[in-house]
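Indexing begins at 1, ligand by ligand and atom by atom, following the structure's order.
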Amino acid sequence: MVHKEFDLEAENKVIVKAYRSLLKSIRRALTKEDRSKIREAFQLSLEAHKNMRRKSGEPYILHPLAVAQICAEEIGLGVTSVICALLHDTVEDTDITLDFIKLKFGEKVARIIDGLTKISGVFDQPDRSIQAENFKKMLLTLSDDVRVILIKLADRMHNMRTLDSMSPKSQLKIASETAYVYAPLAHRLGLYAVKSELEDLSTKYLQAENYVFVKNKLNETKVQRNKYIRNFIEPIHEDMSTEGFKFEIKGRPKSIHSILNKMKKQNVSFEEVYDLFAIRIIVDTADDREKSDCWKVYSIVTDHYTPNPDRLRDWVSTPKANGYESLHTTVMGPKGRWVEVQIRSKRMDEIAEKGFAAHWKYKDNGQVQDNGLEGWLARVREILESPDSNAMEFLDDFKLALYSEEIFVFTPKGELRKLPAGSTILDFAFDIHTDLGLKCIGAKLNNKLVPLNHELNNGDQVEIISSGKQKPHEDWLDFVVTAKAKSRIREYFKQLRLKASAMGKEILERKFKNAKITFTSEALTSLVKYYKLKTVSDLYYQVANEIIDRTKMDIEAILLAEKTKLPEIPAPAKNKPTPALPNDAVILSENEANLEYGFARCCSPIPGDDIFGFVTVGEGVKIHRTSCPNAVALMSNYGYRIIKAKWANSENVQQKAFLSSIKVSGIDSVGIVSIITDIISKQLQINMKSISINSQEGMFEGNIVLEVHDTRQLENIMSSIKSSSELISVNRVDLS
Ligand code: MN
């Protein structure tokens, strides 16, 4: 082992500097007592970690210091959280016990540290069900003390920022977990700045090439973009100054992650992503004037640029449940480009960036008030403005609920209802009343008739139409999205099944009696086998509903037949043929170079895709794309089974054809199929393995499996098809 000399004196200086910077980052005035508690936590942590170093070689204490600073500066947490962040790794990694922490810092700090220690191993379990259980526990701690999750996010943020010094394998695992769990969690909590940085950092490792590509493009176009932004802002700036506003205007590029997402989803090139940046106007204004001032600014903006009426989002009048308030509009800027403009007050901006506290439901007399944001928002405002340094302890009184994206719709009487995005008429009906859901046949939507599965939009006014003759259908389950609708429909069918079973049992008992055969469970089992069913209740159900014709049922004959039947010999399991591969298409990381590998069906990687290997049980290594939706789950759940892989650049690979499927869809017009197949097989001379196209209500959707050499060729095909008609859109299938 190489002994490395560390310059301890220089390191001490760095540590002291980090500590001072932490103290400065705490925004509220610190009492003498606060200071001494923080100092105590720092010294305890310093002592406990004194012989430890991070992978980068730096003293370990710099990590808890950085986490504490993120808590204070970027999430806006208070003294208790800073203390907990300083101590967050002590119980797990050092000799310090929880009891000791409780003794020195009290019950509350100990509880948070305990939570942090417990959730640290969530994804290290090899067993998926244990992971799931742990994950559930982790989410439950949300309601215990949300600071546990917030500090954990800060911890993850620092680990992601310093991920370069980890091994490639750990990088993939940690980055996937981040994309899979932590970024969505930050989003739900309304911590938008944290969320987009976590997303960008995980993209940097999971889609290294794409990340660098977009990053370079953003750099290349920076001067040009800034000039455009300056031009755009100028007249707004002028008018706002004349009107006497105190304000700030920012023009910022959107995150690399979101740009990449757009390119993939809309299958467009970097140059075609029109909203590479957003303009944000932040007004410094009094609380009682924020709303009207935001609209005044809106009016100034739209005096100069024409707004797209479909893209107006008013979260000022009705904030998102996670507390987000802002007015968004998309306007036509110079040179015919759409520009997104976000208008908000300084206070709204704080909440949007730091997510803070706006996410808690106030617990009043032991009862969670979940109706309406007003009560707790008012309280949050009060606390945010309160100079009282202990005000942050209010977190103890708040409970959190996770919200997905939501829409607001209205009843005929104008009552506001919140539903998850994607909700249908039927979800709305069940939301109002179970009986209304069960009897729903459609609705009047803004005075137009629409069917049950019609998807609702923000601001819709819905009048449910019901009929006493209506009965639920099983396919309702295919389109409802709310838990309430799902469970009520399932419950209905469960009851129906129970009733049918009871009836079926009665019928069978009678039949047995008539045939003078004893009604035993063995006899019933024989009948189940004879009809190739799974359970006795399936049998009852089918008899009751006359799926099995009971008039033709000869019990005696069936029982005899089953008795004399030879036991079935299970057919030998056939090995699934795997397509022949050039054995040098992919290079696995050094240690695993000799393993056999195959390509995962879920994402069918082709040369040019970012890939990794996943060690399977019995089937060698499977190669996935790092952007495969399954892969993210695999990597975060089974990180220890991930190995690095890359494409070999050999001639052999370049000649080999790989299967890849694309989805084409669009508006049906005459000859659309032959246009597409012409491009593929005649113009580009690509082999098509299969093609299937469905047409419905004027829309068509098709799947085409192609033999291609690499992503470049595939992209070429897709853009050729796309440019052949404005009515067609093309996507790679295996990306969700
Ligand atoms: Mn840590």
Query raised in the report: Can you name the residues that form a salt bridge (Lys or Arg N to Asp or Glu O under 4.0 Å) with Asp93, not counting sequence neighbours?
Result: none
Report task. With sequence neighbours excluded, tell me which residues meet salt bridge (Lys or Arg N to Asp or Glu O under 4.0 Å) with Asp164. Result -> Lys204
Report summary line: Sorted by chain and residue number, the salt bridge (Lys or Arg N to Asp or Glu O under 4.0 Å) partners of Lys104 (sequence neighbours excluded) come out as Glu40
Query raised in the report: Can you say whether the rings of Trp647 and Phe599 are parallel (under 30°), tilted (30 to 60°) or perpendicular (over 60°)?
Result: parallel
Report task. Can you list, by chain and residue number, the protein N, O or S atoms under 2.8 Å from the Mn ion (ligand 1)? Result -> His63 NE2, His88 NE2, Asp89 OD2, Asp155 OD1
Query raised in the report: Parallel, tilted or perpendicular: which describes the rings of His624 and Phe612, with under 30° parallel and over 60° perpendicular?
Result: parallel
Query raised in the report: Are the side chain of Glu248 and the backbone N or O of Ile282 linked by a donor-acceptor pair below 3.5 Å?
Result: no
